[in-house]
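These notes are about the structure you will find just below.
In what follows, chains are A, B, ... by sequence order, proteins preceding strands, each numbered from 1.
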2 protein chains.
Amino acid sequence: MDDIDRKILSILQVDSQISMAALSQRIGLSLSACHRRVKLLEADGTIRGYAAQLARKAVGLEVQVFIEVKLNSQRREDLEAFEQAIRAMPEILECHMITGEFDFLIRVCVRSPTDYEALYRERLSAIPAVSQMKTLLSLATVKEFRGYHLP
Amino acid sequence: MDDIDRKILSILQVDSQISMAALSQRIGLSLSACHRRVKLLEADGTIRGYAAQLARKAVGLEVQVFIEVKLNSQRREDLEAFEQAIRAMPEILECHMITGEFDFLIRVCVRSPTDYEALYRERLSAIPAVSQMKTLLSLATVKEFRGYHLP
DNA sequence: CTTGAAACTCACATGAC
DNA sequence: GTCATGTGAGTTTCAAG
């Protein structure tokens, strides 16, 4: 993992459809050398895959919410029950265990406030391990994720 | 935007390198019809782009942090000054304006706790519009974003 | 929407330096 | 690391049903 690799990754993070020829030119390497590096980055797991980036609202997901969750306890059973429940809900896009007053931070996207209410009341609150939740409704996206910054 | 489009998007969100032929087979459409739909989804902005997904730790970003930020006021100058400062910091990957006790939620990835301390003390705290911050250190990723759920 | 064909671009593997 | 090259695969477009 050197500066050339980081340069390759920075470009592929933004546009993975660039041709090897164009990519090699932008980083100042020959096509085959560049190609070899990309294949290595794929093989060693640095590049996990290639994905289409969708416009959230264009696919009808008007509502984005972050939820802080506190569990009844940090006992193994509660943690695992919660995590399993989370993984089973496709509307929950990500979930992080965090420090602080709450135990987890999750991100959710749904079509409407009504859908969020249903998710919140009928599915999240129904998880026995959950003791408290705090909804952080996203009003606007100031900055959207477009790849990691590789210094 | 019908069920076929959603099926296409669900697949491309996970693997954008699938060939048109394979994609068309998976959704049960002819190659040309499938191709036309994908191009339309690209043209109308539903597909914003194609990106390589990187393994965060593989690129040396061991520390992931969420930060809740409260501003001194909701006056236009403060909001704009804050948002401009946020957009100028590449380590800040995303930023959302939120409801609740705090005004913004931001996500940051850095190499080390030391790097985070520097960012927190020297760059974030230095923004005049900021009055209060709360750090939510990510201890573990329970569920990682792998595309929106399209019902 | 379908099939089928033609034209073209790239990816990929190879061999040599 | 570089360059050159040939083949196969995939993309893209078009015609016709």
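- Ion pairing between a basic and an acidic side chain is recognised when a charged N comes within 4.0 Å of a carboxylate O; Glu94(A) and Arg107(A) show such pairing.
- The line from NE2 of His149(A) to CD of Gln13(A) is 10.5 Å long, rounded to the nearest 0.5 Å.
- Taking both residues in full, the closest heavy atoms of Ser16(B) and Ala51(A) are given as OG-N, 3.5 Å, listed atom of the first, atom of the second, then distance.
- Of the residues in residues 31-41 of chain A, Ser32(A), Ala33(A), Arg36(A), Arg37(A) come within less than 4.0 Å of DNA chain D through at least one heavy atom, sorted by number.
- Aromatic ring orientation, Tyr148(B) versus Phe145(B): perpendicular (interplanar angle above 60°, classes split at 30° and 60°).
- Summarising the geometry, atom CE belonging to Met20(B) is positioned 5.0 Å from atom NZ belonging to Lys39(B); distances are rounded to the nearest 0.5 Å.
- We find that Glu83(A) and Lys143(B) are not joined by a salt bridge, their nearest charged nitrogen and carboxylate oxygen being 4.0 Å or further apart.
- A distance of 7.5 Å separates CG in Leu93(A) from CD in Gln64(A), rounded to the nearest 0.5 Å.
- Phe104(B) has its ring centre less than 6.0 Å from the ring centre of Phe82(B).
- Val108(B) is connected to Val63(B) through a chain of hydrophobic side-chain contacts under 4.5 Å among Ile, Leu, Val, Met, Phe, Trp and Tyr, so both are in one cluster.
- Between atom OG1 of residue Thr46(A) and atom CG of residue Leu40(A) there is a gap of 9.5 Å, rounded to the nearest 0.5 Å.
- Looking at residues 14-24 of chain A, you'll see Ser19(A), Met20(A) sit with a heavy atom under 4.0 Å from some atom of DNA chain C.
- When the C1' atoms of four end pairs are superposed on the next four at each end of the helix from dC1(C)-dG17(D) to dC17(C)-dG1(D), using five pairs per end, the two resulting axes differ in direction by 20°, to 10°.
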